[in-house]
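Just below is one structure, and these are the notes that go with it.
Sequence lines set the chain letters: A, B, ... in the order given, protein chains first and strands last, and positions in each chain run from 1. Side-chain atoms are counted along with the backbone in the values below, which use heavy atoms only and exclude waters and symmetry mates.
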Protein chains: 2
Amino acid sequence: MPQKLTLKKIAQDMNVSISTVSKALRDSHEISVETREKIKGYAKKFNYKPNNIALSLKNQKTKKIGIIIPEIVHHFFATVISGIEKVANEKGYQVIICLSGESFDKEVVNMDMLANGSIDGFIMSLSKETLERQDFHHLREVLNQGMPIVMFDRVVDAMPCDKVIIDDFAAAQSATEFLLRKGKKKIGIISTVDYVSVGKLRTQGFKEALNKRNAHFDKNSVLKIEDAENCTTKIENFLKKGDFDGILAVNELFAVTASKILQKQNKQVPEEVAIIAFTDGMLSKYASPTLTTIGQKGEDMGALAANKLIERLESKQDIDESYETVIVKTSLVERESTP
Amino acid sequence: MPQKLTLKKIAQDMNVSISTVSKALRDSHEISVETREKIKGYAKKFNYKPNNIALSLKNQKTKKIGIIIPEIVHHFFATVISGIEKVANEKGYQVIICLSGESFDKEVVNMDMLANGSIDGFIMSLSKETLERQDFHHLREVLNQGMPIVMFDRVVDAMPCDKVIIDDFAAAQSATEFLLRKGKKKIGIISTVDYVSVGKLRTQGFKEALNKRNAHFDKNSVLKIEDAENCTTKIENFLKKGDFDGILAVNELFAVTASKILQKQNKQVPEEVAIIAFTDGMLSKYASPTLTTIGQKGEDMGALAANKLIERLESKQDIDESYETVIVKTSLVERESTP
DNA sequence: AGTTTCTACGAAAACGTTTTCGATTTTTTA
DNA sequence: TAAAAAATCGAAAACGTTTTCGTAGAAACT
């Protein structure tokens with residue numbers, strides 16, 4: 001019922017002009033101390049707060065960051081958002097989140113909506129479908145408008161923008177080497193289809209480690225899973241055929257599924273088969289046995305991405321066209337699933 | 001480099017007035033078919049999209065929903081957001097997410113920021129600190145401004161707004177009864193401190209079930225945990241002293257922690273001790289043994305909340321002051337942790 | 001006393017829309 | 001052919017700010 005207070009209403013109530021009110025509230029010396037105090041008192045009393053939309057229109061900046069990710073019910077992405085939100089909030093920004101649901105079309109639509117004035121810049125991780133199609137026109141359009149983008153995790157190298165990633169190749173390689181050092185001879189990897197860049201890179205790192213050590217490797221050492229929903233039987237067959245003593249999984253879910261299957265087959269984890277998973281989330285911490293993981297530092301990635309974006313937003317326009325790719329160090333969190 | 005296209009620029013380029021351009025693009029009959037087509041062609045060619053901020057200011061509505069929750073790295077909240085986002089998106093709304101981090105001050109600040117024009121309405125779950133203080137002035141302020149709020153999960157009954165909750169009392173009661181029917185005699189509950197309303201209600205439901213059956217109950221049957229971080233030793237002591245054959249936990253984390261401790265003590269789950277947890281998330285699905293849970297239907301709650309809010313936003317102002325509390329049915333998901 | 005400098009405020013433009021109203025021209029009708 | 005009606009467009013207000021500029025009166029100079 002009490003209408004939102006505006007400068008205009010204050011001006012009417014106090015018999016001054018709108019400009020006077022505005023200046024008084026911003027402590028301009030153009031206004032006498034007397035009227036300044038009077039107006040500020042009135043504003044405080046009735047809890048005046050400037051309208052954000054009007055400010056956005058005036059200033060041509062919204063102080064909002066658009067986030068587009070495939071899913072939110074996913075520990076890694078949730079941690080990234082948490083990291084973004086934290087630094088964004090500290091610097092006076094708010095985050096608008098849109099989910100692509102791994103769909104190209106939704107990604108495009110959401111981006112279009114946000115790009116029309118709602119936000120100052122993007123932080124995003126691409127949908128699987130986008131990666132599959134290799135269609136990035138929506139990114140290019142936004143960038144051409146002069147709106148900055150920071151990509152993380154699922155990035156595309158060719159884009160002229162900042163990126164925050166982990167070194168998937170190196171992480172997979174060193175995790176594999178870790179297993180080899182522990183005496184494992186026949187290691188398998190449970191990965192995703194190749195168009196998901198992280199899946200591909202992790203598989204390559206895995207191969208590299210094996211090659212360096214002249215360890216056993218053939219195409220049967222690699223399982224590529226399309227949809228995570230019904231991965232159980234695929235993993236089961238893979239494990240049965242392979243008879244591995246070490247498993248590297250590109251996410252927690254594959255790892256814990258494998259672990260359960262192995263235990264059902266009466267194989268001891270980690271004595272007979274060791275397991276390492278990418279992503280250090282809830283599952284790994286509470287599975288039985290607990291899983292050794294490669295921590296992706298989602299919070300850090302989010303924080304870095306937000307800092308990068310805000311830095312670019314607040315620098316005097318894009319004089320500096322040199323884009324940066326930050327590589328976040330992973331860390332091996334040793335738990336029970338490795339000896 | 002190519003400045004964002006506006007009505008004004010189109011008008012200049014085509015030597016007509018701004019109003020003509022606006023009308024032409026909206027297919028007004030006031031404009032001749034000829035000029036209409038010409039302008040629309042031009043707009044399409046250079047990919048004109050109206051500026052959202054300007055529209056928001058003009059229409060006095062932003063088509064954005066503000067979400068304030070304690071945490072996002074939390075499966076339940078993530079599912080709720082997912083549910084909200086889905087229906088919001090369908091109806092042309094976007095979501096702005098702010099995290100309180102269980103802090104009263106952050107909740108207040110974030111709400112203030114969003115309430116000043118950035119959004120049309122709120123969907124929120126209160127922080128622990130807010131519940132502890134019982135200070136709801138920020139909610140009242142927003143409601144007094146005529147901005148609708150829909151609360152979920154952690155709600156406060158007295159607030160004049162719509163709410164979406166699960167019947168925590170009934171759910172805890174029926175889960176307890178389930179355990180009793182399975183022949184369990186001495187059941188304990190691992191809950192949270194009382195100011196978290198859901199913890200309190202669930203404990204009450206638990207007591208009610210025991211009372212009805214004249215089952216064993218004393219104050220040692222209840223463990224109230226303040227912070228989830230170091231709950232392990234507390235749970236360990238609780239289990240040791242209690243010697244239970246059934247456990248009801250108010251969240252997955254407590255349940256899986258209890259399960260692990262029990263197994264370390266060589267107690268068979270579910271044969272010797274059965275376990276039921278609130279929240280049907282990842283942990284329960286992949287723990288060993290898998291956990292029987294009370295599904296909170298986070299997605300449903302989010303979808304219902306969003307529908308309620310949008311409905312109220314789009315009704316001709318708040319003629320209808322009768323607020324509704326939707327109770328979402330829980331479902332018992334039986335898994336291995338109960339016989 | 002006349003000129004200049006301050007002081008304190010208001011008018012108006014700008015941000016990008018939509019919409020109401022008025023104005024001009026063309027077409028229709030009597 | 002004059003009047004009425006329709007067609008087509010532009011001006012301007014409005015949303016709520018901030019900021020530049022102008023201006024009136026008072027104070028301070030010469």
Subject >> A:L57 side chain, from C-beta outward: closest of D:dC9, C:dT18, D:dG16 >> reply: D:dG16
Subject >> Spacing between B:R26 atom CZ and D:dT8 atom P, to the nearest angstrom >> reply: 19 Å
Subject >> Residue closer to the 5' end of DNA chain D, A:E30 versus B:R36 (nearest nucleotide) >> reply: B:R36
**OP:** Output the single nucleotide from D:dC9, D:dT18, D:dG16 whose closest atom is nearest the side chain of A:N51.
**Re:** D:dG16
**OP:** Indicate, with a heavy-atom threshold strictly under 4.0 Å, whether B:T6 touches base, sugar-phosphate, or nothing.
**Re:** sugar-phosphate
Original post:
Contact class for B:T35 vs. all strands (heavy atom < 4.0 Å): base, sugar-phosphate, or nothing?
Top reply: sugar-phosphate
**OP:** Take the protein atom CG of A:N52 and the nucleotide atom P of D:dT17, then report the distance between them rounded to whole Å.
**Re:** 10 Å
Subject >> Heavy-atom side-chain contact between B:V150 and B:V164 under 4.5 Å >> reply: yes
Original post:
Is there a donor on the side chain of B:K23 or the base of D:dG10 sitting less than 3.5 Å from an acceptor on the other?
Top reply: yes
Subject >> Residue met sooner reading DNA chain C from 5', once B:T20 and A:I31 are mapped to nucleotides >> reply: A:I31
Subject >> Side-chain H-bond candidate by donor/acceptor type, A:N52 with A:K63, under 3.5 Å >> reply: no
**OP:** Would you kindly give the CD1-to-P distance between A:I10 and C:dG10, to the nearest whole Å?
**Re:** 14 Å
Original post:
Would you say B:Y48 reaches C:dG16's phosphate, i.e. side-chain N/O to OP1/OP2 under 4.0 Å?
Top reply: no
**OP:** Output the single nucleotide from C:dT19, C:dT17, D:dT18 whose closest atom is nearest the side chain of A:L55.
**Re:** D:dT18
Original post:
Between C:dT19 atom P and B:L25 atom CG, what is the distance in whole Å?
Top reply: 13 Å
**OP:** Determine whether the side chains of B:E299 and B:T79 contain a donor N or O and an acceptor N or O closer than 3.5 Å.
**Re:** no
Original post:
Is A:Q60 touching bases, backbone alone, or none of the nucleic acid, heavy atoms closer than 4.0 Å?
Top reply: sugar-phosphate
Original post:
Looking for any heavy atom pair under 4.0 Å, which part of the strands does A:L7 touch: base, sugar-phosphate only, or nothing?
Top reply: base
Original post:
Think A:K8 has a side-chain N or O under 4.0 angstrom from the OP1 or OP2 of D:dC15?
Top reply: yes
Original post:
Are any of the side-chain heavy atoms of B:D120 and B:M147 separated by less than 4.5 Å?
Top reply: no
Original post:
Quick one: does B:Q94's side chain get under 4.5 Å of B:I65's, heavy atoms only?
Top reply: no
Original post:
Within this structure, what is the NZ-to-C1' distance between A:K9 and D:dG16, rounded to whole angstrom?
Top reply: 10 Å
**OP:** With the side chain of B:K58 defined as its heavy atoms from C-beta on, choose the nearest nucleotide among C:dG10, D:dC15, D:dC9.
**Re:** D:dC15
Subject >> Sugar-phosphate, base or nothing in reach of B:S32, heavy atoms under 4.0 Å >> reply: sugar-phosphate
Original post:
To the nearest Å, how far apart are B:L5 CG and C:dT17 P?
Top reply: 8 Å
Original post:
For B:N59 and D:dG16, what is the distance between atoms CG and C1' respectively, to the nearest whole Å?
Top reply: 14 Å
Original post:
A:I39 CD1 to D:dT17 P: how many Å, rounded?
Top reply: 14 Å
Subject >> Shortest side-chain distance from B:A54, nucleotide among C:dT18, D:dA12, C:dG16 >> reply: C:dG16
**OP:** Return yes when atom NE2 of A:H137 has more than 12 non-hydrogen atoms of other residues, nucleotides or ligands closer than 6.0 Å, and no otherwise.
**Re:** yes
**OP:** Considering just the side-chain nitrogens and oxygens of A:S19, establish if one lies under 4.0 Å of OP1 or OP2 belonging to C:dG10.
**Re:** no
